[in-house]
Structures are given as C-alpha cells and as structure tokens.
There are 2 protein chains.
Amino acid sequence: MPVNSKEHDACKKSLLAVKDALDVISSKWKLQIIFAIWAGNKRFKDIERQIGGISPRMLSKELKDLEEHKLIVRKVYDTQPVTIEYTATPHAETLKELVDKLRTWGIKHRKAVFGK
Amino acid sequence: MPVNSKEHDACKKSLLAVKDALDVISSKWKLQIIFAIWAGNKRFKDIERQIGGISPRMLSKELKDLEEHKLIVRKVYDTQPVTIEYTATPHAETLKELVDKLRTWGIKHRKAVFGK
DNA sequence: TGAAGTGCTATACTTTAGTATATCGGTAAC
DNA sequence: GTTACCGATATACTAAAGTATAGCACTTCA
C-alpha cells in the first residue's frame with residue numbers, strides 16, 4: 001500500500017464531489033436557465049425568449065436534466081390548453097452562494113491574469 | 001430599451017466571470033494537475049505518474065494553459081541535462097477555498113438528489 | 001552498447017457537447 | 001381557413017475536448 005494512498009483517496013473523493021457540482025454548473029445553458037426562472041420566467045417559451053440563442057431541443061433536454069437534479073420543478077396545469085410551469089426548488093437557492101463565489105473568483109482571476 | 005436590461009446586463013457580466021472561473025476549473029485535468037503539484041510533484045514525469053491516465057500531450061497542453069493563467073510557474077534549471085520544475089503560484093492558493101465550496105456543494109447536492 | 005528515463009511534439013482518431021432544421025398535435029386569433 | 005403560438009421531439013450535423021500512439025533529441029545507468 002503506497003504511502004500517500006489515504007490522502008490520494010480523499011483527493012479522489014473531493015474530485016468526485018467537485019465533478020458533481022461542475023456537472024450542474026459548467027454546461028453552457030443550465031445556469032442561464034436557472035437565472036431565467038429566478039427572473040420570473042416560468043413557461044417554456046418565456047425561458048427560451050429570455051435566454052435567446054438556445055434551441056428548443058437544448059432547452060427541453062436541459063430542463064429535464066435540471067428536474068432530475070431537483071433544481072427545478074415542472075408543473076402541469078389542467079387548463080385548456082394545458083399550461084406548463086417551471087419553478088426553481090429551494091435546493092436551487094443553495095446554488096446562489098456557490099455561483100457568487102465562482103463569480104468573485106472569476107473577477108479576481110481576470111485581474112491576476114491581465115493585471116488590474 | 002427593455003425594462004429588465006440593466007439586470008440582464010449585470011447577469012451577463014456575472015455569467016462571464018463565472019465562465020472565466022469555469023475555464024480553469026471545469027476541464028478534466030487542470031485541477032488534478034494543480035493538486036499533484038500541491039502534493040509536491042514538480043517534474044513532468046512525476047506529475048504524469050501521480051495523476052495516472054493522462055497522456056503526455058494533454059499534460060503538456062494543460063501545463064502551458066495553467067502557466068498562461070498564472071496558476072503555475074515553469075522553471076528551467078541549467079543542469080546537465082536541463083531540469084524543469086513546475087510550482088504553484090500564490091494565485092493558485094486562492095483556488096483552494098473555491099474548490100472547497102464546490103466540493104461541499106457537490107456533497108450536499110448528491111444528498112439532495114439521491115436522498116441521504 | 002543498449003535499455004530506460006526526461007520533457008516533450010505530431011498526427012490521427014474518438015467521444016461528447018452543442019447546433020440547425022424540420023416537424024408534430026393541439027389551440028386560438030384574425 | 002390559414003396563420004401563429006405552445007411545448008416539445010427527431011434527425012442530422014459540427015465543433016470542441018480529449019485519447020492513442022509514435023517518435024525525437026538528449027542523458028544517464030548497467
């Protein structure tokens with residue numbers, strides 16, 4: 001058993017958790033979709049218009065993904081015709097702090113790389 | 001000028017900063033390379049061996065990338081043969097807190113999705 | 001002398017993420 | 001009665017990221 005394997009294991013677990021987080025955060029559209037929903041857009045077409053440039057195929061796919069990740073909820077209302085609404089979950093709220101950390105680090109990083 | 005454009009602009013700037021951060025963090029190897037260097041590996045082959053599974057081509061490319069992003073420094077020593085050492089910069093240290101946030105959110109998220 | 005290590009680079013390939021475009025069944029407005 | 005909106009889905013494509021494999025100029029080590 002190599003000397004560093006314990007730390008190495010811990011490191012691999014860390015990387016897995018980081019990867020879990022990144023799966024949500026690092027796709028091109030997921031954050032934008034959540035932002036659009038937070039901004040009050042509930043309907044498919046509203047979100048599509050708010051973001052601009054996303055294809056319905058991507059939006060459909062990412063909405064499903066976000067629902068599986070319990071970040072948004074899809075509600076179907078039995079109106080004529082059926083109305084569908086997407087809302088963010090409380091769990092999605094916990095993203096706010098994280099995104100803010102990413103944002104501030106991103107700003108700091110840009111200064112470090114290009115000079116103030 | 002649409003009503004929400006100010007918030008929308010701020011939102012787009014946020015997304016840019018987040019994207020800057022993600023460019024560093026979300027590649028398959030960059031964090032692993034930095035971790036390997038933090039663990040005391042300074043030489044190309046040491047890093048390669050520590051990580052395992054990375055091709056020399058990727059390692060070479062990512063090291064250059066990390067240097068451009070001022071997260072590591074490449075030093076050439078005029079020995080026979082020349083020795084090359086990679087070290088992490090103080091700026092790279094600022095990643096630790098961020099990665100830790102990603103890690104803890106990742107753990108929390110996994111619990112939220114699969115239940116405790 | 002020849003095998004193995006060092007720090008790479010080149011070429012070609014595969015895999016994954018995202019795009020473009022067309023379409024669908026329903027409803028409602030003109 | 002045809003045009004447009006809604007919430008999508010299907011098929012096919014392109015671009016970006018990463019992999020596989022070989023090799024190079026050099027230097028030890030046995």
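Bear in mind that the values here come from a model prediction, so they are computed numbers and not experimental data. Every chain is numbered from 1 and lettered A, B, ... according to where its sequence line falls, protein lines coming before strand lines.
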### Message
Any side-chain N or O of Lys28(A) below 4.0 angstrom from OP1/OP2 of dT19(C)?
### Response
yes

### Task
Give the C-alpha distance, both sets of side-chain angles, the deciding distance and a yes or no for side chain to side chain contact (heavy atoms under 4.5 Å, CB included) between Trp105(A) and Val24(B).
CA-CA 11 Å; Trp105(A) 191 87; Val24(B) 175; 4.2 Å; yes

### Query
Once you round it to whole Å, what is the distance between P of dT6(C) and CD1 of Ile47(B)?
12 Å

### Query
Should Arg43(A) be listed as having a side-chain N or O under 4.0 Å from OP1 or OP2 of dG7(D)?
yes

### Query
Is there a side-chain polar atom (N or O) of Ser60(A) under 4.0 Å from OP1 or OP2 of dT9(D)?
yes

#### Entry: Whole-Å distance separating the CE atom of Met58(A) from the C1' atom of dC13(D)
14 Å

### Task
Nearest whole angstrom, please: distance from the C1' of dG18(C) to the CG of Leu59(A).
14 Å

### Message
Once you apply a heavy-atom cut-off of 4.0 Å, does Thr83(B) come out as touching a base, just sugar-phosphate, or nothing?
### Response
nothing

### Task
Please report, rounded to the nearest Å, how far the P atom of dC6(D) is from the CD atom of Gln50(A).
15 Å

### Query
Between Lys61(B) (NZ) and dT11(C) (C1'), how many Å, whole number?
16 Å

### Task
Indicate whether OP1 or OP2 belonging to dG7(C) is found under 4.0 Å from a side-chain N or O atom of Arg49(B).
no

#### Entry: Spacing of Asp78(A) atom CG relative to dT27(C) atom C1', expressed in whole Å
15 Å

### Task
Remember a base hit wins even if backbone is also touched, and classify Lys45(A) as base, sugar-phosphate or nothing at under 4.0 Å, heavy atoms.
base

### Message
Given dT9(D), dT9(C), dT19(D), identify the nucleotide with an atom nearest to the side chain of Lys64(A).
### Response
dT9(D)

### Task
Hey, which sits more toward the 5' end of DNA chain C by its nearest nucleotide, Gly53(A) or Leu63(B)?
Leu63(B)

### Query
Which is true for Glu48(A) with a 4.0 Å heavy-atom rule: it touches a base, it touches only sugar-phosphate, or it touches nothing?
nothing

### Message
So that I can tick it off, tell me whether Lys64(A) and Glu67(A) are bridged by a salt bridge, with the cut-off set at under 4.0 angstrom between side-chain N and carboxylate O.
### Response
no

### Task
Determine whether any donor atom in the side chain of Arg57(B) lies under 3.5 Å from an acceptor atom in the base of dT19(D), or the reverse, and answer yes or no.
yes

### Message
Tell me whether Lys30(B) is salt-bridged to Glu62(B), with the criterion being a basic N under 4.0 Å from an acidic carboxylate O.
### Response
yes

### Summary
Rounded to whole Å, the NZ-P distance (Lys75(A) to dG7(D)) equals 15 Å

### Task
Consider the side chain of Phe44(B), meaning its heavy atoms from C-beta on, and name the nucleotide among dT19(D), dG7(C), dG18(C) that approaches it most closely.
dG7(C)

### Query
So His91(A) and His109(B), would you call those rings parallel, tilted or perpendicular, with 30° and 60° as cut-offs?
parallel

### Query
Out of dG7(D), dG18(C), dT27(D), which nucleotide sits closest to the side chain of Pro81(B)?
dT27(D)

### Message
Looking at Trp38(B), I'd like to know if the NZ or CZ of Lys96(B) sits under 6.0 Å from its six-membered ring centre while staying within 45 degrees of the ring's axis.
### Response
yes

### Query
Looking at the side chain of Pro56(A), which of dG7(D), dT9(D), dA28(C) is the nearest nucleotide?
dT9(D)

### Task
Measure from CD1 on Ile51(B) to C1' on dG18(D) and round the result to the nearest Å.
14 Å

### Query
Does Tyr86(B) place a side-chain N or O at less than 4.0 Å from the phosphate oxygens OP1/OP2 of dT6(C)?
no

### Task
Please test Ile84(B) against Phe44(B) for side chain to side chain contact (heavy atoms under 4.5 Å, CB included), starting from the C-alpha separation and ending with a verdict.
CA-CA 8 Å; Ile84(B) 289 154; Phe44(B) 192 94; over 6 Å; no

